[in-house]
Amino acid sequence: MKLIIASGNKHKIYEIKKILGEKFDEIVSMKEEGIFHETVEDGETFLENAEKKAREIAEISGCATLADDSGICAHALGGAPGIYSARFSGDHGDDEKNNDLLLEKLKDKSDRTAHYTCAMVICFPNGELVSCEGYMYGEITTERHGSGGFGYDPIFRPEGEVRTVGEMTDEEKNKISHRAKALWGLLEKLQKRESH
C-alpha cells in the first residue's frame with residue numbers, strides 16, 4: 001500500500017519514512033505524487049486540522065494519507081500560540097518573527113513552562129481514520145540557543161535537558177520529540193489494526 005504524506009517538510013518526511021517505512025510499500029510526499037492542494041486549516045484543535053488535511057488528500061488521491069498538525073503551547077498564555085504556531089506573528093512560517101513575538105509575550109511571566117503537541121492522522125481510502133497525539137514538555141528560554149531544528153526549537157528546552165532543541169542533533173530530537181511520540185503511537189495502532 002502507498003502512503004502519501006500531506007507535507008512538503010523534508011524533516012518531517014524523513015522522520016515519517018524512518019518510523020513507518022516497514023508498514024507501507026511506498027511513502028511519497030504530495031509533491032512527488034503531483035498533488036498541489038492547500039487545505040484550509042480552520043479546525044479548533046490540532047487533531048481537527050490534521051484530520052481535515054488527511055481526509056481531503058485521501059479523497060483526491062485515492063491513497064492512504066498521513067497528515068499532522070503541531071505547535072507549541074505556552075502555559076502562561078493559556079496555551080497560545082497553539083494551532084496558530086506557524087502564523088503567530090501574522091506571517092506564515094516566519095520562524096524569526098514567531099520566536100520574537102513569543103519571547104516578547106513571555107518577558108514578564110514567571111511561568112515559562114510549555115509543551116509541543118503533534119496530532120497525526122492517517123486516512124485510508126475507505127474513510128477509516130487512525131490517529132495519535134504526542135507531546136514534549138519543557139520550558140521557553142529567555143533567548144535563542146542553537147541553530148538546529150526549525151520553528152520554536154531554539155527557544156524550547158525539554159524537561160531534564162540543559163540544552164534547547166535547537167542545540168540537539170536531529171537524531172537526539174527524534175528520540176524525544178512530540179512528532180516521534182505521535183508516530184510511534186500511530187505505528188502501534190496500525191499493528192493492532194492488522195492483527196484484528
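When a residue number appears, it is its place in the shown sequence, counting from 1.
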Main-chain N/O of I72 paired with S85 side-chain donor or acceptor, under 3.5 Å: yes

From CG (N174) to NZ (K18), nearest 0.5 Å: 6.5 Å

Residue E194 excluded, over 12 heavy atoms near CD under 6.0 Å: yes

Heavy-atom side-chain proximity of L66 to M120 below 4.5 angstrom: yes

Taking every non-hydrogen atom, the tightest pair across G185 and C132: CA-SG, 3.6 Å

Under 3.5 Å donor-acceptor, E167 side chain and T164 backbone: yes

Single-linkage hydrophobic cluster V162~F156, side-chain heavy atoms < 4.5 angstrom: no

Members sharing I35's hydrophobic cluster (side chains within less than 4.5 Å): I4, V28, M30, I57, I60

same_hphob_cluster(L190, V121) at 4.5 Å side-chain heavy-atom cutoff: no

Any R55 side-chain heavy atom under 4.5 Å of L129 side chain: yes

Joint cluster assignment, M136 & I155, ILVMFWY side-chain distance < 4.5 Å: yes

CD (Q191) with more than 12 external heavy atoms under 6.0 Å: yes

Heavy-atom check, side chain of E15 versus side chain of D170, under 4.5 Å: no

Pair listing, salt bridge (Lys or Arg N to Asp or Glu O under 4.0 Å) test, anchored in residues 118-138, at least two apart: E128-R193

Evaluation steps, side-chain contact (heavy atoms from CB on, under 4.5 Å), between K12 and D68: CA-CA 9 Å; K12 276 187 199 177; D68 81 311; 3.1 Å; yes

Backbone of E41 reached by a side-chain donor or acceptor of T39 within 3.5 Å: no

Close side-chain approach of F124 and V130, heavy atoms under 4.5 Å: yes

T45 side-chain N/O to G43 backbone N/O, donor-acceptor pair under 3.5 Å: no

Heavy-atom closest pair, residues S131 and K189: O-NZ, 2.6 Å

Note, D153 side chain near D95 side chain (heavy atom, < 4.5 Å): no

Distance, nearest 0.5 Å, that separates CZ of R163 from NZ of K173: 13.0 Å

T65 to A54 - nearest heavy-atom pair and separation: CB-O, 3.7 Å

Flag side-chain contact, heavy atom, 4.5 Å: C73 against F46: yes

D69 bridged to K52 by N-O distance under 4.0 Å: no

K2 backbone acceptor or donor facing D25 side chain under 3.5 Å: no

Pairwise side-chain contact, T142 with L103, heavy-atom cut-off 4.5 Å (strictly under): no

Distance in Å, F88 CZ paired with N99 CG, rounded so as to fall on 0.5 Å steps: 10.5 Å

Hydrophobic cluster membership, I176 vs Y14, 4.5 Å side-chain cutoff: no

Inter-residue atom distance I27.CD1 - E22.CD, 0.5 Å rounding: 10.0 Å

Ring geometry between Y116 and H178 (parallel below 30°, tilted from 30 to 60°, perpendicular above 60°): parallel

Step-by-step side-chain contact (heavy atoms from CB on, under 4.5 Å) determination, E48 to I83: CA-CA 10 Å; E48 281 177 17; I83 56 170; over 6 Å; no

Any side-chain heavy-atom pair of K23 and M1 under 4.5 Å: no

Any donor-acceptor pair under 3.5 Å from R112 side chain to I140 backbone: yes

Least distance between heavy atoms, P154 atom then G146 atom: CB-O, 3.7 Å

Interatomic distance, E44 atom CD to N49 atom CG [nearest 0.5 angstrom]: 10.0 Å

side-chain contact (heavy atoms from CB on, under 4.5 Å) evaluation trace for T113 with Y137: CA-CA 8 Å; T113 59; Y137 291 89; over 6 Å; no

Joint cluster assignment, V165 & L106, ILVMFWY side-chain distance < 4.5 Å: yes

From CA spacing to verdict: side-chain contact (heavy atoms from CB on, under 4.5 Å), H75, H115: CA-CA 8 Å; H75 303 162; H115 67 274; 2.8 Å; yes

Within 6.0 Å of CD in E188, more than 12 heavy atoms from elsewhere: no

Spatial distance of atom NZ (K53) from atom OG (S7) [nearest 0.5 Å]: 7.0 Å

Closest contact, heavy atoms only, C118 versus A182: O-CB, 3.7 Å

D94 side chain to K97 backbone, donor-acceptor under 3.5 Å: yes

Heavy-atom neighbours of F150 CZ exceed 12 at 6.0 Å: yes

Nearest non-hydrogen partners of N98 and A86, listed with the distance: ND2-O, 3.2 Å

